[in-house]
Structure formats: structure tokens, C-alpha cells
Amino acid sequence: MELRHLRHFLAVADELHMGRAAERLGMAQPPLSQSIARLEKDLGVRLFERGHRRLALTRAGAAFLDEARAAVAHADSARQLARAADAGTAGVLRIGFVSAALYERLPRLMAQLRRSYPEIQPRLVELSTNEQLDALARGAIDIGFAHPPLGADGAFAVAEFPAEPLLAALPDDGGQGVVTLADIAALGLVLFPATQGPVLHARITDAFARAGVEVRVVQEAARALTMLALVSAGLGATLLPASIRRVAYRGVRYAELAGAELPALPLAMVARRKAQPAVVRRAWELFAAIQ
């Protein structure tokens, strides 16, 4: 039983007339009659009662009709999906991201992806910058959102987004207004491990040194939500991208920093330079156009 036999059967079932069905299919009547006979032989049942001028579905034909329609519709859908995947407008897109991308940048990009290419299915996983570079090299993800500089020796294509200023997150003491680096140091600093982003880590600690403030890292955490949990528990204060304000975390207050020369938090989109599937190229072009 072939798909064309099912298409022929549906046309005859709709028209209940061989001549009209053949005209609809753009074929001669004898080959259509032979196709229906072949289908009946394959199934081992009669699908039509042959009258003098008009056909009628048998009980077997009526039972077969809905399944035949579903099979043809499924095949048509599969064909369209395959063509869309080849064109890059459908398929799975594996995305890695650092915490800082989660609060503003990534939701905007995902919303635009859904509007522009609804058949592309994003699969997101939170990874550190170094974990993303490893996953990209292994082909485990297609696109990453990471903190530069990457030190990848030209192995990756990189598109940078505007950097975000850093914001203080400290235990909610009922206070308001700005804080200083000295205030942060008095509470103890909750910071990501140096191995997770050595350049940014060094720039943050250097900012305290330049301000003449001695600071001690009291807790290390690889994820922003873990940092907020530690801050909420009163175990220290931390520095996070300004978009973290979108996250209302009980026991934590956010504050601008006064008199501090802190680095802005850079974010970049990263992918392998080698030839990529069309779906990755489409998404890259779309994301790169959104600033």
C-alpha cells in the first residue's frame, strides 16, 4: 500500500465517481481504477460498491476513510516540516545561557523567535561560560549566551550585546537608597568562582582594591538564584546585572552603587564558525539584529 493509493482512494471517496475523481487528480480513469483495485487487493477488502452510474463506500471503505485521511495529512505535514527544516525555519535549536541572560535578553529573543519562526523549537540549558564553550566544541549546543572575553582563538563566531551595569543585592534591612563598596565589603561578598569567569572576577575584586576597600569573598555560587538565596539568608551581599530587578526575592533588596568604578557585565552570543545547519544560521541572524 503506497501513499499515492491512499490519495487516489480519498479522491474517489469524495467524488464517488471515477471520472470526476480522475479529473480532479489530473490522471486518466483506467490507471485510477487500477490503483483502487490494487489497494483493495492489498487490504483484502472491497472499498466501493460499483453501481450503474455511481459508487458507494462499503462498510470497510467507510471505516478506512478517516484513517486514510489522517495518514495522508500526517505525510503532508511531515513533508512540509522536512522542507521547513531544510530551509532553517523549523527544527530544534539547542541554546546555552548564563544566568545574566535570563532576566531580560533571553526572554526578548525567545519571544521574537516564536513570532518569526514558530516551528523552531528552542531547548534551553543554563551553563557557565566555560561550560558553554565546551558544549559548543562538542556540538552539544548550537548557540550560547556567555560572558566575554572568551579566549577561544577564533574558533567561535561572537556577537556582543550592550553590557549591563552591576547592581548590589543585599539582605533586606528596610533601608533605601544607594550603597557603597564599603557597605558590600562589611557584609562580605558573595561571588561566582574565579574559574567561571576569571577576567570579570578579577575586574570586580580590582574595583574594591582601587576604592581602597578590603573585601572578603565569604561564599561562592555559580548561579544567580543561589547567590540571592545566600543573600536572603544574611550570608553576604553580591553584585548582579541590573536586569535582576525583575526577580523579586524575599529578604533581598537591590540598590545602586555610589562612587564605584565597577565593570559593566558583558554578554555575547557565541557559535562555532564551522558550517552550521540552516536553523542555526536563521536564529543567529535574527538574534544578532535585536539589540
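FYI, side chains are in, hydrogens and waters are out, and symmetry mates aren't considered; it's all heavy atoms of this structure.
- Counting all heavy atoms, side chain and backbone alike, Trp284 lies closest to Ile143 at N-CD1, 4.1 Å.
- For Arg20 (side chain) and Glu15 (main-chain N/O), a donor-acceptor pair under 3.5 Å exists by modelled atom type.
- In this structure, the side chain of Tyr254 engages the main chain of Val247 through a donor-acceptor pair within 3.5 Å.
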TODO: Could you go through the side-chain contact (heavy atoms from CB on, under 4.5 Å) check for Asp172 and Val231 one step at a time?
DONE: CA-CA 9 Å; Asp172 189 1; Val231 171; over 6 Å; no

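- Here CD1 of Ile290 is found 7.0 Å from OG of Ser116. Values are rounded to the nearest 0.5 Å.
- Note: the hydrophobic cluster containing Phe287 also contains Leu124 (ILVMFWY, side chain heavy atoms under 4.5 Å, direct or indirect links).
- Using a 4.5 Å cut-off on side-chain heavy atoms (C-beta onward), Val158 and Pro148 make no contact.
- Placement of Val45 and Leu6 within a single hydrophobic cluster is found when ILVMFWY residues are connected by side-chain heavy-atom separations under 4.5 Å, directly or transitively.
- Looking at Arg94, Arg282, Lys274 one by one, the single match for salt bridge (charged side-chain N to carboxylate O under 4.0 Å, His left out) with Asp142 turns out to be Arg94.
- Within a 6.0 Å radius of CZ in Arg210, more than 12 heavy atoms belonging to other residues, nucleotides or ligands are found.
- A salt bridge links Arg245 with Glu256: at least one charged nitrogen is closer than 4.0 Å to a carboxylate oxygen.
- Listed here is the closest heavy atom pair of Ser243 and Tyr103: O-CB, 3.4 Å.
- Atom CG of Leu16 sits about 12.0 Å away from atom CD of Glu49, to the nearest 0.5 Å.
- If you take CD on Gln196 and CG on Leu191, they are separated by 9.0 Å, rounding to the nearest 0.5 Å.
- A side-chain donor-acceptor contact under 3.5 Å links Gln132 to the backbone of Leu127.
- Side-chain atoms of Gln29 never come within 3.5 Å of backbone atoms of Ala22 as a donor-acceptor pair (strictly under, hydrogens ignored).
- Counting only heavy atoms from C-beta outward, the side chains of Leu109 and Met269 never approach each other to under 4.5 Å.
- Side chain of Arg46 to main chain of Thr58: no donor-acceptor pair is present (N/O by atom type, distance under 3.5 Å, no hydrogens or angles).
- Minimum heavy-atom separation, Phe192 to Gly197: CE1-O, 3.5 Å.
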Task: Check against side-chain contact (heavy atoms from CB on, under 4.5 Å), Leu228 and Leu240 - done: CA-CA 9 Å; Leu228 290 178; Leu240 290 168; 3.8 Å; yes

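- Put simply, the side chain of Leu257 reaches to within 4.5 Å of the side chain of Leu239, judged on heavy atoms.
- Under the 4.5 Å side-chain heavy-atom criterion for Ile, Leu, Val, Met, Phe, Trp and Tyr, Leu200 and Phe208 are members of the same hydrophobic cluster.
- Distance OG1/Thr195 to CD/Glu220: 7.5 Å, rounded to 0.5 Å.
- Val125 and Leu106 are assigned to two separate hydrophobic clusters, defined by single-linkage of ILVMFWY side chains at heavy-atom distances under 4.5 Å.
- Under the 4.5 Å side-chain criterion, counting only non-hydrogen atoms from C-beta, Leu167 is in contact with Ile244.
- Other residues, nucleotides and ligands place more than 12 heavy atoms under 6.0 Å from the CD atom of Gln121.
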Task: Leu113 and Leu286: CA distance, side-chain angles, deciding distance, side-chain contact (heavy atoms from CB on, under 4.5 Å) verdict - done: CA-CA 7 Å; Leu113 180 69; Leu286 178 69; 4.0 Å; yes

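- Although no hydrogens or angles enter the test, the distance criterion places no donor-acceptor pair under 3.5 Å between the side chain of Glu67 and the main chain of Ala63.
- Closest of all the heavy-atom pairs between Ala207 and Leu262 is CB-CD2, 3.6 Å.
- To the nearest 0.5 Å, the span separating CE on Met18 from CG on Leu25 amounts to 10.5 Å.
- Between Phe48 and Phe9, the ring planes lie tilted relative to each other; the angle falls in the 30° to 60° range.
- Contact annotation: the side chain of Glu40 approaches that of Ile36 to within less than 4.5 Å [non-hydrogen atoms, C-beta and beyond].
- Annotation for Thr129 and Ala146: closest pair OG1-CB, 3.6 Å, computed over non-hydrogen atoms.
- Minimum heavy-atom separation, His8 to Ser35: ND1-OG, 2.7 Å.
- In this structure, Arg79 pairs ionically with Asp76, as a charged nitrogen and a carboxylate oxygen lie closer than 4.0 Å.
- Residues Val270 and Phe97 do not share a hydrophobic cluster, clusters being chains of Ile/Leu/Val/Met/Phe/Trp/Tyr side chains in contact below 4.5 Å.
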TODO: Test side-chain contact (heavy atoms from CB on, under 4.5 Å) on Val72 and Leu3 and set out the steps.
DONE: CA-CA 7 Å; Val72 170; Leu3 188 61; 4.0 Å; yes

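- Judged by distance alone, the side chain of His147 and the main-chain N or O of Pro266 form a donor-acceptor pair under 3.5 Å.
- Using a 4.0 Å cut-off between charged nitrogen and carboxylate oxygen, Arg223 and Glu131 count as a salt-bridge pair.
- Put simply, the side chain of Val179 reaches to within 4.5 Å of the side chain of Arg253, judged on heavy atoms.
- Checking side-chain atoms of Ser232 against main-chain N and O of Arg250 turns up a donor-acceptor pair under 3.5 Å.
- Contact annotation: the side chain of Arg69 approaches that of Asp14 to within less than 4.5 Å [non-hydrogen atoms, C-beta and beyond].
- Here the side chains of Asp183 and Leu170 are not in contact, with every heavy-atom distance at 4.5 Å or above.
- His201 NE2 to Asp206 CG: the interatomic distance, rounded to the nearest 0.5 Å, is 10.5 Å.
- Here the side chain of Arg123 pairs no donor or acceptor atom with the backbone of Leu93 at under 3.5 angstrom.
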